[in-house]
Novice: 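I'd like to ask some things about the structure below.
As the structure is a computational prediction, the values presented were derived from the model and not from experiment. Order of the sequence lines fixes the chain letters, A, B, ..., with proteins taken first and strands second; residue numbering starts at 1 for each chain.
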Amino acid sequence: MDRFGYLVGLGDDALVAAQRLAEWTANAPELEEDVALANIALDQLGQARLLLSYAAEVEGAGRDEDSLAYQRGEREFRNCQLVELPNGDFAVTIAKLLFLATYQHGLYAALRSSTDRRLAAIAAKATKETAYHVEHAALWTRRLGDGTAVGHERMTAAVEQVWPYTHELFSDWVPHGLVAAGVAVAPGTLRADWLSTVESALAEATVPRPDDGWRPGGGRDGVHTEAMGYLLAELQYLHRIFPGAAW
Amino acid sequence: MDRFGYLVGLGDDALVAAQRLAEWTANAPELEEDVALANIALDQLGQARLLLSYAAEVEGAGRDEDSLAYQRGEREFRNCQLVELPNGDFAVTIAKLLFLATYQHGLYAALRSSTDRRLAAIAAKATKETAYHVEHAALWTRRLGDGTAVGHERMTAAVEQVWPYTHELFSDWVPHGLVAAGVAVAPGTLRADWLSTVESALAEATVPRPDDGWRPGGGRDGVHTEAMGYLLAELQYLHRIFPGAAW
Amino acid sequence: ADVEAHFAAVIAADQKIEPRDWMPEAYRKGLVRQIAQHAHSEIIGMQPEGNWLTRAPSLARKAILLAKVQDEAGHGLYLYAAAETLGVQRDELYRMLLSGRQKYSSIFNYPTVTWADVGAIGWLVDGAAIVNQVPLCRCSYGPYARAMIRICKEESFHQRQGFDILYTLARGTDEQRAMAQDAVDRWWYPSLAMFGPPDAESTHSARSMAWKIKRFSNDELRQKFVDMTVQQAGVLGLTLPDDALAYDAGSGHWRYTAPDFAELAEVIAGNGPCNRQRIDHRRRAYDDGAWVRESAAAYAAKRAREAVPA
Amino acid sequence: ADVEAHFAAVIAADQKIEPRDWMPEAYRKGLVRQIAQHAHSEIIGMQPEGNWLTRAPSLARKAILLAKVQDEAGHGLYLYAAAETLGVQRDELYRMLLSGRQKYSSIFNYPTVTWADVGAIGWLVDGAAIVNQVPLCRCSYGPYARAMIRICKEESFHQRQGFDILYTLARGTDEQRAMAQDAVDRWWYPSLAMFGPPDAESTHSARSMAWKIKRFSNDELRQKFVDMTVQQAGVLGLTLPDDALAYDAGSGHWRYTAPDFAELAEVIAGNGPCNRQRIDHRRRAYDDGAWVRESAAAYAAKRAREAVPA
């Protein structure tokens, strides 16, 4: 795991999140939300493209964003499992987004001062974008959690279901050398701020903060949930049929 | 469209039906039904393999059952749209199976006297198998249609939903030359018996026989419903990644 | 009456009727029907292309397609807003879509079978839409005209993107080229049918013309589309599936085979390949989202109560 | 008492206890628990392999896998039937599975990440199951012993199929070979853990041995599995992920690194990668199927009433 692996990890988080969010298009509870989720998906996809393109350059093996996205096997994907979980109902999607975007926002804000200037520039753009994602998710968390009884019940269940997967966000997967060199951020250092943002978002939404217990992981080592294979089959199928074709 | 195309059409019906039925495994309403649906899927898959292998031999272009199943594009698949429709609830699956198996049973029974001896032998085996499929589907049609009010409502809705797709089974897609040569059966000649079996199965289940109206089609020309692309992505993904590998 | 005279004068002067102006009830009703149908078409139109979002073959194409489908949702929103200026509610219109009492463009009742269909929709379907819609930018009803100006700009962007997809495929591998040609073969006649029945059989048209909602007849617009598209097909190096296509030097137009209007009538009647699927999809999204909308409304009501000083 | 003496005599003579025979309550309860857990394992075990049914890379492999998963459902049915001879109902056991009050084998709480995992499950997991189960064919309770004879035959078939998948991959492309090795690397220790905690910490074992339900200790069986598997790995040309593997000429056994029993305890406690997914899956199937079972029961009741002469 080196700078390439680090960039790919961040890029895969964004790519897989974008893929899941795009599944909502034409399926959202209201038109405004079709627009909003597509917007967020576009931001995440944009971040993925910048990160994977840069990773490919760093690698210097002639790959590009598309060969990384479309021609790696499941075991080579480095995203956290949180992003690959199926969308579930709207509350599950909002819980996933709240947890992911809050993590990404803290991460990118810190990476703005990365010694890797290219990464710092990507992070600067992404910090602004993810601020909106956090706000949007937090608003919906309140609307669902502090709206009707059904909304509250579903939002609470969603937060409980997704919570265990947040631990992986802060796992110690980033090479210490990269952190020491000021290129990367040690994920564990992001958790305190993350918790404070998330806990207050949940509190405002009257949704209980789950206990920490089960801590699934493995995504950073390319061991994914069984949902991932189906996601990749859909994502990659067409590209894989015609290797080397331009689109 | 020639003998190859005819065999592929029948083989694709069975292959896609098997794929959909296999999706039920570990999802059926009771264990006995997990076993039964897997059994039927295995029969359909077996028929598909015999038909596609034979088609590949007839073609004589060095293809085999796997290259036909895994390396054709969506536009080259010749199955009727009925089989590719998503499984829906259990009632939709049963409606699809009742209509398909009744059609296949009549078809294979007739093909036992095909002048193509290899096809006649395949048909002889398949006639026995599909007789069980019809019986199984008809029994469940009664259990759902003539059981609880909910069962009746769902079975009725399922039959209405699937009925339009049955017209394609009897469309005039088989080359007249093949029929004249006694190799193939003209699909239209199978409808009277099909209707009589299906109508009595529905009557026994107290499920109304829908009116004939909308007649979707196109599967025999390789124009499929939007569900087909996802089915093929799942079916073919792994095989396509490693072209030419043995498994 | 004064108001009638004012209305007639505004129309005659090619100026805009605005929401507060008096207008004939038939003008209002006709516009509501037309704008709603247009809005519904944008919303339903998200589905055939949305079908390829998770499967787009490059990240760049995925981003472009996602932005496009998002634009369609946005167009739907502007158009519902324009309709609301005529005294109807979006939710009411939306329920008329779901119950089948209002229509949407029949073109969206065809499936997107391959990736090339995304290109063909952009090039042909959006192309036809633009030909239909550019004159609406000068339509006599102000809010509709202004919405159309914004929409047309985005649509022409979409059309170029569709053209670009096909252009790339047509210059790609043999399979890609065949995929592009196949898509054009399937989308050509449905696109021609988008202009509606031939003039002789067209209802609504005469009055719409008089009121300057509609500016050209169905057949005039169709011809314009054919003339434009034949040129572009040449650039693409793809063939339009009509052996009768021939340039008529006398008129300066291309002669073409008319689409099968009986098929169009069938699709409009509900018997296209995807009519049921499209509406079922929207109904499912609407029903599945009911608890979400209800919870958001309850939340908003709580906040509103809190905002009232005690 | 007579019955107790009879029971002891049957056990001592290595004969079978049958459902109508008297048996100690603890014997009965222990058997119910064990057979139910075994049945549940078959049912939950359908999921990890079922995950590859729609994606199997050849039609022949798809057919074999489908037949295998079907066999597992069948095994579940025999085993529930064996448990029912002890005076419990399948539905009751099934609900204990769904509510988490009864367990299933923890091995099924790992995901099948690649196609090679299907091979590794067949080779290692079914291999370990066979080592565990062959002695059960001689177990003192007749119905269980007879069910196990049938099951073991099929399991050894499954194990050969798994071996064959890996054999083919190991002789395939570089990527296929890597896929096979990766699967073995991930499934080796979980398979070793299938034999349960080390003998020193094993509960239930002593009494099970006395009653001739269990015939060998956990560590004896684990050793047997290691010895067998090392040989087969050599044939496959794949490496078992244990640097400490070494033949001990003195004992005639292979020394190996014990699995991480703390991890096993975590998985048993519910914190394996797929525990929630597996149970949620079964609950969903059960709940979604409720209306179907109810309708079938109502239909059967109607038919039964009709069969009674008026």
Novice: Just wondering, do Asn27(B) and His281(D) contact through their side chains at under 4.5 Å, heavy atoms?
Specialist: yes
Novice: What are the two closest heavy atoms between Ala63(D) and Leu42(B), and how far apart are they?
Specialist: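 Closest approach of Ala63(D) to Leu42(B): O-CD2, 3.4 Å.
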Novice: Work out which heavy atom in Phe242(B) is nearest to a heavy atom in Glu175(D); give both atom names and the distance.
Specialist: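 Shortest heavy-atom contact: CE2-CB, 3.3 Å.
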Novice: Assess, by modelled atom type and distance only, whether the side chains of Glu294(D) and Thr148(B) contain a donor and an acceptor separated by less than 3.5 Å.
Specialist: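 No, Thr148(B) and Glu294(D) have no side-chain donor paired with an acceptor closer than 3.5 Å.
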Novice: Salt bridge or not for Glu32(B) and Arg293(D), using N-O below 4.0 Å?
Specialist: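 No, no charged N to carboxylate O under 4.0 Å.
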Novice: Walk me through whether Tyr299(D) and Arg142(B) qualify under side chain to side chain donor-acceptor pair (under 3.5 Å).
Specialist: CA-CA 8 Å; Tyr299(D) 175 80; Arg142(B) 294 196 295 279; 3.0 Å; yes
Novice: What's the shortest heavy-atom distance between Lys302(D) and Gly147(B), and which atoms?
Specialist: NZ-O, 3.4 Å
Novice: Between Ile43(D), Leu66(D), Asp71(D), which shows the greatest number of heavy-atom pairs under 4.5 Å with chain B?
Specialist: Leu66(D)
Novice: Answer yes or no: are there more than 12 heavy-atom neighbours, outside Tyr94(D) itself, under 6.0 Å from its atom OH?
Specialist: yes
Novice: What are the two closest non-hydrogen atoms of Ala60(D) and Arg49(B), and how far apart are they?
Specialist: CB-NH2, 3.4 Å
Novice: Go through Gly119(D), Ala56(D), Gly50(D), Ala301(D) and name the one with the most non-hydrogen pairs under 4.5 angstrom from chain B.
Specialist: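 Result: the option with the highest number of such pairs is Ala56(D).
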Novice: Write down the atom of Ala296(D), the atom of Trp140(B), and the distance for their closest heavy-atom approach.
Specialist: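 Result for this residue pair: CB-CZ3, 3.8 Å.
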Novice: Is any side-chain heavy atom of Leu235(B) closer than 4.5 Å to a side-chain heavy atom of Lys62(D)?
Specialist: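 The answer is yes, as the side chains (C-beta and beyond) meet within the 4.5 Å cut-off.
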Novice: Between CG of Asp64(B) and CG of Leu59(D), what distance do you get to the nearest 0.5 Å?
Specialist: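 Asp64(B) atom CG to Leu59(D) atom CG measures 9.0 Å (nearest 0.5 Å).
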Novice: Is there a donor-acceptor pair under 3.5 Å between the side chain of Gln176(D) and the backbone N or O of Ala246(B)?
Specialist: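 Here the side-chain-to-backbone pair exists.
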Novice: Looking at chain D, which one of Met155(B), His239(B), Glu65(B) has the largest number of heavy-atom pairs inside 4.5 Å, strictly under?
Specialist: Glu65(B)
Novice: Between Asp146(B), Leu52(B), Val35(B), Leu231(B), which residue shows the highest count of heavy-atom pairs closer than 4.5 Å to chain D?
Specialist: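 The candidate making the most pairs under 4.5 Å is Asp146(B).
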Novice: Select, from Arg154(B), Glu23(B), Arg20(B), the one with the greatest count of heavy-atom pairs under 4.5 Å involving chain D.
Specialist: Arg154(B)
Novice: Would you call Arg282(D) and Asp34(B) a salt bridge, using N to O less than 4.0 angstrom?
Specialist: yes
Novice: Taking every non-hydrogen pair under 4.5 Å, which of Leu144(B), Thr25(B), Val150(B) racks up the most with chain D?
Specialist: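 So the answer, after comparing Leu144(B), Thr25(B), Val150(B), is Leu144(B).
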Novice: Considering non-hydrogen atoms only, spot the tightest contact between Leu31(B) and Ala73(D) and give its length.
Specialist: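 Reported closest heavy-atom pair: CD2-CB, 4.4 Å.
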